[in-house]
Each structure stands twice: as structure tokens, then as C-alpha cells.
Amino acid sequence: MYSPKATPAEARVDLAAIRHNVALLKEHAAGAELMGAVKADAYGHGLVPASKAVLEGGASRLGTAYIREALALREAGVTAPVLSWIITPGEPLDEALEADVELSAADEGLLDEIAAAARLTGRTARMHLEADTGMGRGGAPLAAWPGLLAKALALRAEGVVEIVGLWSHFACSDMPGHPSIELQIDAFDTALKMAEQAGAGGSHVIRHLANSAATVTLPRARYDMVRTGIAMYGLSPIPELGDLGFVPAMTLVARVALAKRVPEGSGVSYGHLYVTDRETTLGLVPLGYADGILRHATGRAEVLAGGRRRTVTGRVCMDQFMIDMGDDPLRAGDEVVLFGPGGEGEPTVQEWADTLGTITHEIVTRIGSRVPRVYKGWAT
Ligand SMILES: *Cc1c(COP(=O)(O)O)cnc(C)c1O
């Protein structure tokens, strides 16, 4: 087995920060249940350790995009309720039901397929029905909602389906004041009223709409449960409002593989986009675009090395990029911090996202599987 004395690069994940962030979101939820969104390897933080911290922080449920992510949680011994919301025909629905994974449906065809799997396994499918209240992505359009409800009620009468939740998702909750927000809440209320009248309502049905941004800014959208993701990992759901008290959980570090002195006029990396204008010290950082360091970071993003910010110098390659240290000392093995909470002068994920013209979600979820996740702050 490969076990280096010190890893070339690692993503350090602070589980105590995740617990803190979830507890803070729980306060905002003001009595509503909290479902932690742990899709995409818990936004790159590591599915199982992060999920455990999310539950310890006060979440009562977990949510994943795909069934296979939910099954991975079950294989790891996580017993909390788990919902998967992107189900594609032909998936192993029987396995999902046997593993007690709750499923979302937005059309009658999928409900039929899930019901068939329920009959086959003798399990009751625990369903969350999704309405499209204006997101324009998943969810049943309101015109198709009565049909979906009727189908679910018929299957409930047969005993193969239980209606556990009714839900929808915001398109613009990270844009406070966007006119679609109130319209979506109104549409969700309409969808809930239709469900109530059809007989699919009741106090045991969990109504959920809010993501992280809505949880902290829209009390009216909290309903019975909120579904939070990005803020649990300490990244602001609305960057214009600042950090909102959330503490970034991930610090990405690498150790310099090679440090060398080069003369003035040296071209650096593919395409020679950068040429040294003096004799200088270059450092090779062993992380590249295959690890999620976007090629677009070339000449733009910064890292902390030797106590100062350095810009990514020359092209980012698949496995490595260079930094220019000038006359500052650098040795192979020295640690470089790409991003972290920001307290030691290192860039934050938010800075990387701003520099690269993207959102923090994309920066952390792209950190590749070659980069080991190393944990601190385990609950005692
Ligand atoms: C990812 C996701 C969330 C969490 O969103 P954040 O903005 O990260 O809080 C909530 N609901 C659904 C359906 C999602 O896909």
C-alpha cells in the first residue's frame, strides 16, 4: 500500500467547523428539521466523515442526488433517513427500497416503476413528490401536479407507497429580492393546498423548499424542513452578505516537489505564457487540473507560499503548476496553501471562485479523488 510519510497534497477537512455550521443553520431553521445535502462526496469534503459531522451538528436527515450516493452511506453504516432526488429509469430501485432510501418522483411513469419495485420487494416506497414551482429543472409542472398526486394516492391506497414529503427547489434564493422568490413560495403554497385537498397533506407530511440561502434569509420558506448544503461546508450561500458566521471547513495544501533557481528570460510551463524578467526561484506545486485546479487559474489564482501570496505562474498542467518566489527562500517539501479559512493570509475558496468567475460549490466539488482528505475535529 502507498503510504507516504507526508502526502504531496491533501485536502484538510475540519469536522468541527462542519458541526458548527450545521448548528448555526439549525438556529436559522427555528424548529424546522434540517436535511444535510451530502451529494457529490459531500461537496468534495468526503461523503462519510462529513455526513457524520452533519448529523452530529443537528441534521436529522441526509439528501443525495443519486441513489448510488445514498447506498454508499448505507454501506458505511449510516442509518439516518436519506432521500435521493435524481432517479433515472432503470436504476436499482429494489436495492434502494431494501436499503430504506427515500425517493423523489416528479412524474407518473417513475412512480409506476417505483411501485413495481415496491411490490417486488414487499417494501413500502417512502416518497417525496417534487413540484416545479419555477426552478424550471426537476419537479412536476403545476399542470401535472394533480395527476402525480392522484397516482401517488392510488398507490398509497394499495399500500406500496407512502407520501413522506412534498417539496420544491428555488432558482434564485441567492439573489435577495429577486421577484421569482416570492412567486415560487406562492406557487409552493398552491401546490401544498392542492395536495391537502386531494388528501395527500396532513401534519405527518414533510414540506420542504429552502436551500442554504433561503434558510438564512427567508423565514417564510422554512416550512417543516430545510435542505442545506454549501453553508454546512462553511461557504457563504450569499457572498454579497459576507461569511454570515459560517467557517470554511476545507484547507487545500500541497508540498513543493521541486524548487530551482532559473535565469532571466526563462519560459515557464506549456506555451511559455510566462517568462521570467529576472533571475528567480521557481517552485513546482504537485496539483493540476486533474485534481480540480482549473486551467483557467493560469496567471490568475493565488496561493500562500513562504508567508506571501504568489500567483499561479504559467499554464496549469494536468498534475502540476509553478509559482515564482522571486528571491524569497523555497525548498522542496515546503507547504503551499491554495485555500483555507483565510486566517493565516491564505486565499479563501470564495476568492478562488471570484477569481475564476464561478461559485464556491464548483471549486470544492472539483477537487479530485487523487487528493486525500485528511480529517481533524472528530467528535469525541
Ligand atoms: C444541492 C441541493 C440543496 C442544497 O443547496 P445549497 O445551495 O448548497 O444549500 C438543496 N436541495 C437540492 C434539491 C439540492 O440539489
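The analysis underlying the following values was restricted to heavy atoms, covering all of them including side chains, and did not include hydrogens, waters or symmetry mates. Read the numbers this way: they start at 1 and go in the same order the structure lists the ligands and their atoms.
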**Report entry** Verify same cluster id: L62, M127 (apolar side-chain graph, 4.5 Å)
**Finding:** no

Query raised in the report: Quick check: does any side chain N or O of R222 sit under 3.5 Å from a backbone N or O of A32, one acting as donor and the other as acceptor?
Result: no

**Report entry** Residues in contact with ligand 1, criterion: heavy atom under 4.0 Å
**Finding:** A37, K39, Y43, W85, W167, H169, N211, S212, R227, T228, G229, I230, H361

Query raised in the report: Is the backbone N or O of A171 less than 3.5 Å from a side-chain atom of Q184, with the two atoms forming a donor-acceptor pair by type?
Result: yes

Query raised in the report: If we only count heavy atoms from C-beta on, is the F170 to I185 side-chain gap below 4.5 Å?
Result: yes

Requested in this report: Determine whether K39 and Y66 make a side-chain contact, defined as any pair of heavy atoms from C-beta on separated by less than 4.5 Å.
Outcome: no

Query - Test side-chain contact (heavy atoms from CB on, under 4.5 Å) applied to L235 and I359, I230, L244, the passing residue - result: I230

